[in-house]
There are 2 protein chains.
Amino acid sequence: MDSAADGSGYQAWSEVTPDAARRLLVAAVEAFAERGYHATTTRDIAGRAGMSPAALYIHYKTKEELLHRISRIGHDKALEILETAAAGPGTAAERLDAAVRSFVGWHAAHHTTARVVQYELDALAPEHRGEIVALRRESDAAVRRIIAEGVGAGEFDVPDVPGTTLAVLSLCIDVARWFSTAGHRTPDEVGALYADLVLRMVGARPAAVPVVQK
Amino acid sequence: MDSAADGSGYQAWSEVTPDAARRLLVAAVEAFAERGYHATTTRDIAGRAGMSPAALYIHYKTKEELLHRISRIGHDKALEILETAAAGPGTAAERLDAAVRSFVGWHAAHHTTARVVQYELDALAPEHRGEIVALRRESDAAVRRIIAEGVGAGEFDVPDVPGTTLAVLSLCIDVARWFSTAGHRTPDEVGALYADLVLRMVGARPAAVPVVQK
DNA sequence: GTGGCACCTAAGCGCTTGCTCACCCTCCGG
DNA sequence: CCGGAGGGTGAGCAAGCGCTTAGGTGCCAC
């Protein structure tokens with residue numbers, strides 16, 4: 001299992017600076033994604049990074065700090081993806097399509113990272129969790145904004161905007177749980193499938209996606 | 001935190017005897033749901049059940065056996081819900097509506113149990129995981145059957161049946177992650193919302209009004 | 001009354017955990 | 001050639017883990 005095994009051919013983590021600290025962080029992502037935070041030992045992380053257990057504590061105060069850094073970077077990236085799409089050009093349908101497509105694509109391509117980011121929230125210390133939860137609320141707001149604008153413009157038919165927003169995000173996030181590189185779908189294919197499904201959920205009138213049926 | 005605190009006013013677990021074994025199992029569900037399997041100690045489980053740590057081992061060989069029993073019972077219930085709906089009367093749309101409504105309702109009402117059942121699969125021993133995965137495939141098959149029949153009958157418009165099936169199940173399952181009794185939605189409301197969203201995803205034509213199209 | 005049984009506990013064993021500490025490299029400016 | 005700093009290690013500590021074992025207690029048939 002090498003560093004570029006799954007979706008990690010991804011040049012993020014470039015912001016993590018001493019090289020050794022980055023190797024430890026990447027090792028931690030792999031380990032947390034495979035076994036979960038609590039089932040991962042600091043010895044395992046250090047071992048994957050080719051270091052002794054003690055080396056970890058030169059760069060991180062605790063195991064939880066590693067998780068927090070991963071979670072923070074991942075949530076920043078996820079939020080950036082959604083806000084970029086939300087602020088983009090085009091109709092609400094086009095922006096929602098772009099948002100879902102890129103958000104889902106990221107969750108599939110970097111499903112190891114995404115799994116840690118999305119499913120290990122409870123393992124964060126309370127003060128760190130608060131910070132992360134705030135980012136998640138911003139993600140929710142970005143999606144809700146697109147949907148609300150689509151409703152306002154008469155493009156969408158959505159009886160329950162907050163509920164639909166919740167469902168859309170939930171659907172996208174859960175990709176990180178089931179997606180596997182062993183499966184036969186590429187991240188782009190999943191993104192396209194999900195974008196279509198979400199547009200149906202909001203009752204989008206066919207805008208630029210002319211599916212001429214039968 | 002009492003026994004009937006959340007969705008556990010649910011007379012399931014009635015199949016678990018003797019009484020002490022059931023108390024331990026209910027305690028384990030609560031603990032696993034709150035902190036996750038790996039972060040839960042056998043002392044915590046025994047303590048919640050009002051027993052000494054050793055008492056656990058009279059009724060269960062290992063901590064993993066507890067998880068397996070919970071997972072097995074929960075998956076049996078989930079599968080039963082889906083198959084009942086799939087085999088029911090009515091159009092495909094009516095059956096899909098019923099399936100999603102009851103499946104989501106169960107996940108919301110018993111979100112503690114559902115969280116353990118749906119998100120602690122990796123913690124199962126390999127032979128137990130195999131058994132559970134087989135049950136999950138049956139659940140997938142039940143939903144796919146309804147969707148495929150709807151497509152066959154011209155009721156639904158679904159370009160990618162396996163993909164849509166996956167997305168529908170994923171959407172429903174993820175309810176267990178975010179649902180909280182502190183939220184302002186009842187399980188029935190979430191079920192209704194989700195049933196509507198899923199019918200949109202499959203492009204269901206209004207069932208009662210058999211539109212003869214183009 | 002007594003033996004057998006089902007159930008439960010106090011104590012603790014062997015091991016692993018997150019984390020620390022004393023020490024050791026290698027590099028580099030003066 | 002030296003001295004200090006940043007990055008690393010081997011050994012190990014205190015605590016907590018899953019699980020075991022020896023023994024106690026109430027109950028019931030006989």
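So you know, we letter chains A, B, ... as the sequences are listed, proteins then strands, and number each from 1.
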> Do B:Val190 and B:Trp178 have side-chain heavy atoms sitting under 4.5 Å apart?
Replying inline: yes

> Are any of the side-chain nitrogens in B:Arg137 or B:Asp140 under 4.0 Å away from the carboxylate oxygens of its partner?
Replying inline: no

> Is any side-chain N of the basic residue among B:Arg185 and A:Asp160 closer than 4.0 Å to the acidic one's carboxylate O?
Replying inline: yes

> Do the charged groups of B:Glu15 and B:Arg22 touch, with an N to O distance under 4.0 Å?
Replying inline: no

What N/O pairs connect the protein and nucleotides 4-8 of chain D at under 3.5 Å? Give each pair on its own line.
unit_1 : atom_1 : unit_2  : atom_2 : d
D:dG8  : OP2    : A:His59 : NE2    : 2.9

>> In this structure, which stretches of DNA chain D are paired as stems of three or more consecutive Watson-Crick or G-U pairs, both distances less than 3.5 Å?
In response: C:1-30 with D:1-30

> How would you list, by chain and number, every residue that makes a side-chain hydrogen bond (donor to acceptor under 3.5 Å, both in side chains) with A:Asp188, sequence neighbours excluded?
Replying inline: none

> Mind checking what makes side-chain hydrogen bond (donor to acceptor under 3.5 Å, both in side chains) contact with B:His38, not counting sequence neighbours?
Replying inline: none

> Do the charged groups of B:Glu34 and B:Arg48 touch, with an N to O distance under 4.0 Å?
Replying inline: yes

> With the sugar-phosphate defined as primed atoms, P, OP1 and OP2, and the base as all remaining atoms, what B/S/- string results for nucleotides 15-29 of chain C, 5' to 3', for protein heavy atoms under 4.0 Å?
Replying inline: --BBBBB--------

>> Which residues pass the side-chain hydrogen bond (donor to acceptor under 3.5 Å, both in side chains) test with A:Glu64, not counting sequence neighbours?
In response: A:His128

> Given side chains that start at C-beta, do those of B:Leu124 and B:His68 come closer than 4.5 Å, heavy atoms only?
Replying inline: yes

> Would you call A:Asp174 and B:Arg177 a salt bridge, using N to O less than 4.0 angstrom?
Replying inline: no

